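Data first, discussion second: the structure below is written as structure tokens.
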Amino acid sequence: MKRLICLILALILMTGCGKQEPEQPEEETLIVVGISQVGAESDWRVANSESMKSVFTESRGYRLLFEDARQIQENQIIAVRRFIQQRVDYIVLMPLSETGWDSVLQEARDAGIPVILVDRMVDVEDDSLYAAHVGSDCYAEGRKAVTWMERCYRGGPVNIVHIQGTPGSTPQLGRTGALEEGLAAHDNWNLLARLDGDFTQAKTYEVMSRFLDELPPGQGIDVVYCENDNEAFGAIEALEKHGFRCGRDVNVICFDATRNALKLCKEGKIALAVECNPLLGPLVEEIIQTMEAGQIPQKQHYIEEKQFTSKTITQQMIDSREY
Ligand code: GYE
């Protein structure tokens, strides 16, 4: 795209239409980045989009084409094809689910456009179809939650409700995988239900309310394992409406640890929030700058992450939270 812009400028100058100084001489040096974002399903996602938009600005040397797929993978495939037609310099893809990417990534490769995967991964035969991946190790996040449960419940039955994220997405696979191993390793852990919350508050409120409506009277719930913060918000709302006291009768676990979740953690309603950092814009820029310098970027970048519990969280941790 940069080359195309230079060529057009040169042609304009040669044909005499460019007698005046171009108004934006820096135009020719802008790096064009096409971003295909999953949607705006969660607080995490909104923070992730803002991080990208704040880095890839014209004043910092980029032209950003940003497409929101509204949680539909087909929309992402269409967006990537459009970026290829527009001959962007880089494609940044947050893939909704892991499968179904081979052909469109091959098309990007044939067009000579590097693809940087952000947040979630793809499951492709040939990993040279993407230049780099930057995101979280979602299985490691799930392991943190399972280890916390192992410390918290040492004997007696543990009744668990599991709210899953978007099926087939990297965070769902990693966080579910860790819980499944925990269930297999502990005879006293009982899975009461597995519900699909699709990473949203509204859907989780709906499925959780339906489940609680049908729960036999007297049946206790010890843990609600939510695969992101927004699912926890929906689950807490439903639990409270059904008379459960979060933090006393039931421990709610979630992933992301955005500011709103940290506040609920301090109130005691979320027992454990495992961090998942959405502020990935600067890391994506580093990868692009490495490639601009003609070097090969590191293929896999995982982010260091913490965890917060209702017992250890402080107001200072909430105040200093950037997302
Ligand atoms: O945990 C969730 C979001 O892919 C890591 O997607 C991301 C997850 C994040 O909607 O809130």
Side-chain angles (χ1 to χ4, degrees), residues 38-48 70-71 94 96-97 119-120 135-136 138-139 141-146 148-149 159-180 182-183 191-213 215 221-242 244-247 249-265 267-278 305 307-310 321 323:
V38 169
E41 74 284 1
S42 63
D43 292 12
W44 187 100
R45 185 70 51 202
V46 172
N48 180 249
R70 282 178 271 114
Q71 294 253 76
M94 292 79 168
L96 179 92
S97 66
D119 157 29
R120 303 178 181 177
S136 302
C138 296
Y139 170 74
E141 293 171 348
R143 284 288 315 146
K144 288 182 191 167
V146 168
W148 182 87
M149 286 166 67
N159 293 316
I160 303 167
V161 175
H162 176 193
I163 318 265
Q164 292 186 288
T166 307
S169 67
T170 305
Q172 181 272 312
L173 295 169
R175 295 166 189 170
T176 293
L179 179 62
E180 267 173 359
L183 285 162
L191 183 66
L192 292 182
R194 179 164 276 157
L195 310 169
D196 176 12
D198 205 18
F199 287 131
T200 72
Q201 179 166 348
K203 176 133 188 233
T204 304
Y205 175 73
E206 191 188 308
V207 293
M208 190 67 185
S209 298
R210 208 176 308 137
F211 165 75
L212 292 171
D213 284 344
L215 196 68
I221 303 173
D222 298 293
V223 174
V224 181
Y225 182 101
C226 302
E227 290 188 357
N228 80 344
D229 284 357
N230 291 77
E231 291 185 345
F233 305 155
I236 290 170
E237 213 183 321
L239 284 161
E240 288 184 339
K241 281 217 172 115
H242 284 76
F244 284 87
R245 293 165 307 171
C246 298
D249 310 323
V250 49
N251 279 328
V252 175
I253 294 177
C254 63
F255 298 86
D256 290 349
T258 55
R259 191 181 300 114
N260 286 334
L262 293 188
K263 284 185 189 158
L264 287 173
C265 192
E267 285 173 37
K269 293 186 180 186
I270 287 176
L272 171 72
V274 178
E275 185 175 64
C276 178
N277 189 342
E305 291 168 333
Q307 67 190 59
F308 301 87
T309 71
S310 54
R321 202 66 170 158
Y323 52 92

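Throughout, residue positions are numbered sequentially from 1 according to the sequence presented. None of these values were measured; they are calculated from a predicted model.
- Residue pairs satisfying the salt bridge (Lys or Arg N to Asp or Glu O under 4.0 Å) criterion with at least one member in residues 252-261, sequence neighbours excluded, are absent.
- Between S136 and E141 the shortest heavy-atom distance is CB-OE2, 3.2 Å.
- The CD atom of Q201 sits 11.0 Å away from the SG atom of C226 when rounded to the nearest 0.5 Å.
- Considering only heavy atoms from C-beta on, L272 comes within 4.5 Å of Q307 through its side chain.
- Annotation for C265 and S310: closest pair O-CB, 3.2 Å, computed over non-hydrogen atoms.
- R143 places no side-chain N or O within donor-acceptor distance of the main-chain N or O of A178, the cut-off being under 3.5 Å.
- Using modelled atom types, no side-chain atom of N251 and backbone atom of D222 make a donor-acceptor pair closer than 3.5 Å.
- Here the side chains of L212 and F244 are in contact, with some heavy-atom distance below 4.5 Å.
- Residues P171 and F199 are in side-chain contact: their nearest non-hydrogen atoms beyond the backbone lie under 4.5 Å apart.
- Using a 4.0 Å cut-off between charged nitrogen and carboxylate oxygen, K263 and E267 do not count as a salt-bridge pair.
- Atom-to-atom distance recorded for R245:CZ and I236:CD1 is 15.0 Å, nearest 0.5 angstrom.
- The shortest distance between side-chain heavy atoms of K203 and D196 falls below 4.5 Å.
- Under a 4.0 Å N-O distance rule, the pair E305/K144 does not qualify as a salt bridge.
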### N277/Y323 under side-chain contact (heavy atoms from CB on, under 4.5 Å): CA gap, chis, key distance, verdict
CA-CA 9 Å; N277 189 342; Y323 52 92; 3.8 Å; yes

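- More than 12 heavy atoms of other residues, nucleotides or ligands shown are found within 6.0 angstrom of CZ on R194.
- Once rounded to the nearest 0.5 Å, the distance linking CZ of R120 with OG1 of T166 reads 5.5 Å.
- The side-chain heavy atoms of L264 and V252, taken from C-beta on, include no pair separated by under 4.5 Å.
- For the atom pair CD of E240 and NZ of K269, the computed distance is 3.5 Å after rounding to the nearest 0.5 Å.
- For the pair D43/N230, a side-chain contact is recorded, criterion being any heavy-atom separation below 4.5 Å from C-beta on.
- Remark: the backbone N or O of A145 is not paired with any side-chain donor or acceptor of R175 at under 3.5 angstrom.
- Within the 4.5 Å cutoff, no side-chain heavy atoms of M208 are placed close to those of K241.
- In terms of heavy-atom proximity, I221 sits nearest to V250 at O-CB, 3.4 Å.
- Here the side chain of W44 pairs a donor or acceptor atom with the backbone of C276 at under 3.5 angstrom.
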### Message
Quick one, H162 with E180, criterion side-chain contact (heavy atoms from CB on, under 4.5 Å). Give me CA distance, side-chain angles, the key distance, then yes/no.
### Response
CA-CA 10 Å; H162 176 193; E180 267 173 359; over 6 Å; no

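- In this structure, the separation between CD1 on I163 and CG on L195 is 4.5 Å, given to the nearest 0.5 Å.
- Note that CZ of F233 is 5.5 Å distant from CD1 of I270, once rounded to the nearest 0.5 Å.
- Within the structure, salt bridge (Lys or Arg N to Asp or Glu O under 4.0 Å) pairs that include any residue of residues 223-232 do not occur (at least two apart or interchain).
- Contact annotation: the side chain of Q71 approaches that of T200 to within less than 4.5 Å [non-hydrogen atoms, C-beta and beyond].
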### Task
For N228 and E41, run side-chain contact (heavy atoms from CB on, under 4.5 Å): C-alpha distance rounded to whole Å, both residues' side-chain angles, the deciding distance at 0.1 Å, then the answer.
CA-CA 11 Å; N228 80 344; E41 74 284 1; 5.5 Å; no

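- Put simply, the side chain of N48 gets close to the backbone of P278: a donor and an acceptor are under 3.5 Å apart.
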